[in-house]
Amino acid sequence: MVDCRDIERPAARVRPRLIAAWLAIAAVLFVACDPGERDGAGAQLAGLDNAEFRDRVVAFVREVAAREPDVACPVSMTGVEPLHVAVAMYVGGAVVGRGFAAEHELCPALKAATERALAASGPDRSRLAQARFVVELTDSAYAMVEYEGEGVELVNGLVPARVLDRHMVRRRIDEGEAYLLRVMDPSLGGVHKYYHAPTDSFEARLHTIYTASTLYTLLALHAHDSDESLRQPIERAAGFLLSMQRLAPGQPGHGAFHYSLDLQRHEREPRFVVGTTSKSIFTLIALHALTGDDAYLDAARLAADWLLIMQDADGRVTPELRLDANAAWSVTDRESLLYTGQVLSALSRLYEATADPRYLDAAARTAGRLLARVESEGCYLGDDYRSPNPISSSWVILSLFDYARAGDEPAIREAVFACADELLARQIDDPADVYRHGRWQASLSSSGNGWLAEVLSELYRDCPDSDHDGCARFRRAVVLLFRLLMQYTYSPENSFVAADPDMARGGLFWNPRERDVRTDSVCHAMNAYVFMLDHLPAGVLVELPEPPLAERLAPLDRSGRLADLEDEEADGEAEEDDEPAVDIVE
């Protein structure tokens, strides 16, 4: 497992905070590295790298599970203290058995934990061929998952992406497109918010905003690839989108888009969120550009007219209108920068499509409100729903960018790029941390990171001619996000938690603890991939070599956390949704 020479002659350049870890490893492996133990089983450790070690461990676990007689130990490792091992058995996306063991030798611990996992799974052994095993050496948080007879690296529940190139981005585009087409309702054309991958199921509701987002992505794919096979699903989803617009002249909500459709009751939800209507406008503008059909632009105008009703004279946006339990219309007063940004972008984009000054005038009021906040508080902002965070801040950046483009405001455009640079300065840049490298503090989800990649891609594609480096810094930030997003994308290697791996493939699960696929996660990532694909150079874009086995086996500190990682309990508290759900019951 560890070349004993690594213990005897550690590399000259070792980070100070790893010195204690090296000493601990040396103590744990003292017996295995003692010269007297190098003959026989001990010699098997010499020269092993991470991949070979993982392969041997999962092969041993599989042989034990199959009750092979006289299973030979392939990795001799003995510790002064007991070695703690956990083995989990996954079938159909669920844990059917889990076992724990602690022994002074690794193989006996693996054997005992595997046998306990099998016993917990019940007497039926017919599922063993389909099972996948996850093994963790809990003293060091060193984990692996079995895949086609090999041991695949796991870090904090993710299969890390250590290499990224342009071909991988193209492959993810193709897989993501296939995923979106699979999850679209075959008869209605609408799209669910979630695909519950662990149970291979959907919630009984179609959501307008996620349908609009899916359409927006399919339209971007059509524009990039000139794929006419996308026309039919685009038309089907567009039909659902139009059906969700409320047409009730003189009544509350006229022109807005219903939040969702209940498939069991066949009822449209009497709830109108400005974010749903705004992002529907984005898509309607793109549909009109593709088809030339004025019905889409007419629907966008009607929707924007409702947004004007939801805007105060000072540019403040009321987030939502809904019919309450007493059959009375009520509004939500809490202000969301996400909603405000969506409204500003929708009005600005519609002005560009129609040249109607009403929309630019309204956009100017909201832009002024946001600019005042930036001037008084800086670019890193929060709202009534959450403390300052990168997602809310990025919506301020994009919406002001849309407004500056629509209103031809070079000073605002310059302020936008200054705020974007401030946001880039907060991106985590730590190649040694494969789990966090490329993301932001308080942005743990695939949706949030995909959205950041989409926003930065938009800025990169419209980089000012005067920019000192051609906005290369934005491209680098996006590339780091792409690598990160690969870790959240269902693939054959990491789909042991999915009931139907083929169905889940190409979908982005929310985070390592919540493995459902959120539609907006897929759409945001896909938009960024498509926007940036032609701007990516050939060759390797990112490469993060796996640390030596000795370093990977660094023990946990006394608090139960990896000694080389910072506490992240506070991360994600301000994680943003496409539509904030605080105080809202779906």
Kindly indicate whether a cation-pi arrangement holds for Arg271 with Tyr259, taking the cut-offs as under 6.0 Å to the six-membered ring centre and within 45° of the axis. yes

Any heavy-atom pair between the side chains of Val159 and Ser491 that's under 4.5 Å? no

For Pro319 against Thr332, the heavy-atom pair lying closest together: CD-O, 2.8 Å

Please check if the side chain of Thr211 supplies one atom and the backbone of Gly190 the other of a donor-acceptor pair under 3.5 Å. no

Is a side-chain donor or acceptor of His254 paired with a backbone partner of Ala248 at a separation under 3.5 angstrom? yes

Is the ring pair Tyr385/Tyr339 parallel, tilted or perpendicular, if the boundaries are 30 and 60 degrees? perpendicular

In terms of relative ring orientation, are Tyr488 and Phe509 parallel, tilted or perpendicular, with 30° and 60° separating the classes? tilted

Below 4.5 Å, heavy atoms only, C-beta onward: do Val455 and Trp395 meet side chain to side chain? no

For residues Phe202 and Tyr194, establish whether the separation of their ring centroids is below 6.0 Å. no

Is it the case that the side chains of Asp402 and Ser348 hold a donor-acceptor pair, with the cut-off being a distance below 3.5 Å and no angle test? no

Report, as yes or no, whether the 6.0 Å neighbourhood of atom CD on Glu228 holds more than 12 heavy atoms from other residues, nucleotides or ligands. yes

Distance col, row Thr340:OG1 vs Leu344:CG, nearest 0.5 angstrom, shows 9.0 Å

Side-chain donor/acceptor of Ser521 to backbone N/O of Ser447, under 3.5 Å: yes

Is a side-chain donor-acceptor pair under 3.5 Å present for Asn389 with Ser392? yes

Do any N or O atoms from the side chain of Arg166 and from the backbone of Leu536 form a donor-acceptor pair under 3.5 angstrom? yes

Any Lys/Arg nitrogen of Arg316 or Asp314 sitting under 4.0 Å from an Asp/Glu carboxylate oxygen of the other? no

With sequence neighbours left out, the residues meeting ring pair (Phe, Tyr, Trp, His ring centres under 6.0 Å) with Phe417 are Phe474

Polar side chain donor-acceptor pair, Ser394 to Trp451, under 3.5 angstrom: yes

Side chain proximity check, Arg373 to Leu337, heavy atoms < 4.5 angstrom: yes

Student check: side-chain heavy atoms of Leu370 and Leu381 closer than 4.5 Å: no

For the SG atom of Cys419 and the CG atom of Leu400, what is their distance to the nearest 0.5 Å? 7.5 Å

Ion pair present between Asp174 and Arg171, side-chain N to carboxylate O less than 4.0 angstrom? no

Does any donor atom in the side chain of Gln311 or Thr366 lie under 3.5 Å from an acceptor atom in the other side chain? yes

Results of side-chain hydrogen bond (donor to acceptor under 3.5 Å, both in side chains) for Glu454 - residues two or more places apart only: His524, Asn527

Ring pair (Phe, Tyr, Trp, His ring centres under 6.0 Å) involving His258 - partner list, sequence neighbours excluded: Phe272

Do Asp294 and His288 get their side chains close enough for a donor-acceptor pair, meaning under 3.5 Å? yes

Between Arg182 and Asp500, does the salt bridge (Lys or Arg N to Asp or Glu O under 4.0 Å) criterion hold? Intermediate values first, please. CA-CA 13 Å; Arg182 281 197 304 273; Asp500 185 346; over 6 Å; no

Is the number of heavy atoms from other residues, nucleotides or ligands within 6.0 Å of CZ (Arg246) greater than 12? yes

Can a donor-acceptor pair be found between the side chains of His222 and Asp227 at a distance below 3.5 Å? no

Would you mind checking if Arg358 and Asp305 are paired as a salt bridge, meaning a charged N to carboxylate O distance below 4.0 Å? yes

Is there a donor-acceptor pair under 3.5 Å between the side chain of Glu543 and the backbone N or O of Val163? no

State, with a plain yes or no, whether a side-chain heavy atom of Val517 is found less than 4.5 Å away from one of Thr519. no

Donor-acceptor contact present, side-chain Arg483 to main-chain Val434, <3.5 Å: yes

So, Trp306 side chain and Thr277 main chain: donor-acceptor pair closer than 3.5 Å or not? no

Taking all heavy atoms of Ala304 and all of Leu350, pick out the closest pair and write down the distance. CB-CD2, 3.3 Å

Before accepting this row, confirm whether a basic side-chain N of the pair Glu267/Arg205 lies closer than 4.0 Å to the acidic partner's carboxylate O. no

Taking Ala477's backbone N and O only, do any of them form a donor-acceptor pair with Gln427's side chain (distance below 3.5 Å, no angle check)? yes

Any Leu221 side-chain heavy atom under 4.5 Å of Thr217 side chain: yes

Could you tell me whether Asp467 and Arg473 have a side-chain N and a carboxylate O separated by less than 4.0 Å? yes

Distance-only polar pair, side chains of His224 and Asp534, donor-acceptor under 3.5 Å: yes

Taking Arg515's backbone N and O only, do any of them form a donor-acceptor pair with Tyr490's side chain (distance below 3.5 Å, no angle check)? yes

Is there a donor in the side chain of Ser260 and an acceptor in the side chain of Asp262, or the other way round, less than 3.5 Å apart? no

Are Leu485 and Tyr529 close enough that some pair of their side-chain heavy atoms sits under 4.5 Å apart? yes

Look at the side chain of Glu335 and the backbone N and O of Val317, then say whether any donor-acceptor pair between them is shorter than 3.5 Å. no

Is the shortest side-chain heavy-atom distance between Leu541 and Pro537 below 4.5 Å? yes

Ring centroid separation Tyr460 to His535 under 6.0 Å: yes

Quick one: does NZ or CZ of Arg426 land under 6.0 Å from the six-membered ring centre of Tyr380, within 45 degrees of the ring axis? yes

Using a strict threshold of under 4.0 Å (side-chain N to carboxylate O), is an ion pair present between Glu352 and Arg349? no

Hydrogens and angles aside, do Asn511 and Ser445 bring a side-chain donor and acceptor to less than 3.5 Å of each other? no

Face-on cation placement of Arg461 at Phe531 ring, 6.0 Å and 45° thresholds: yes

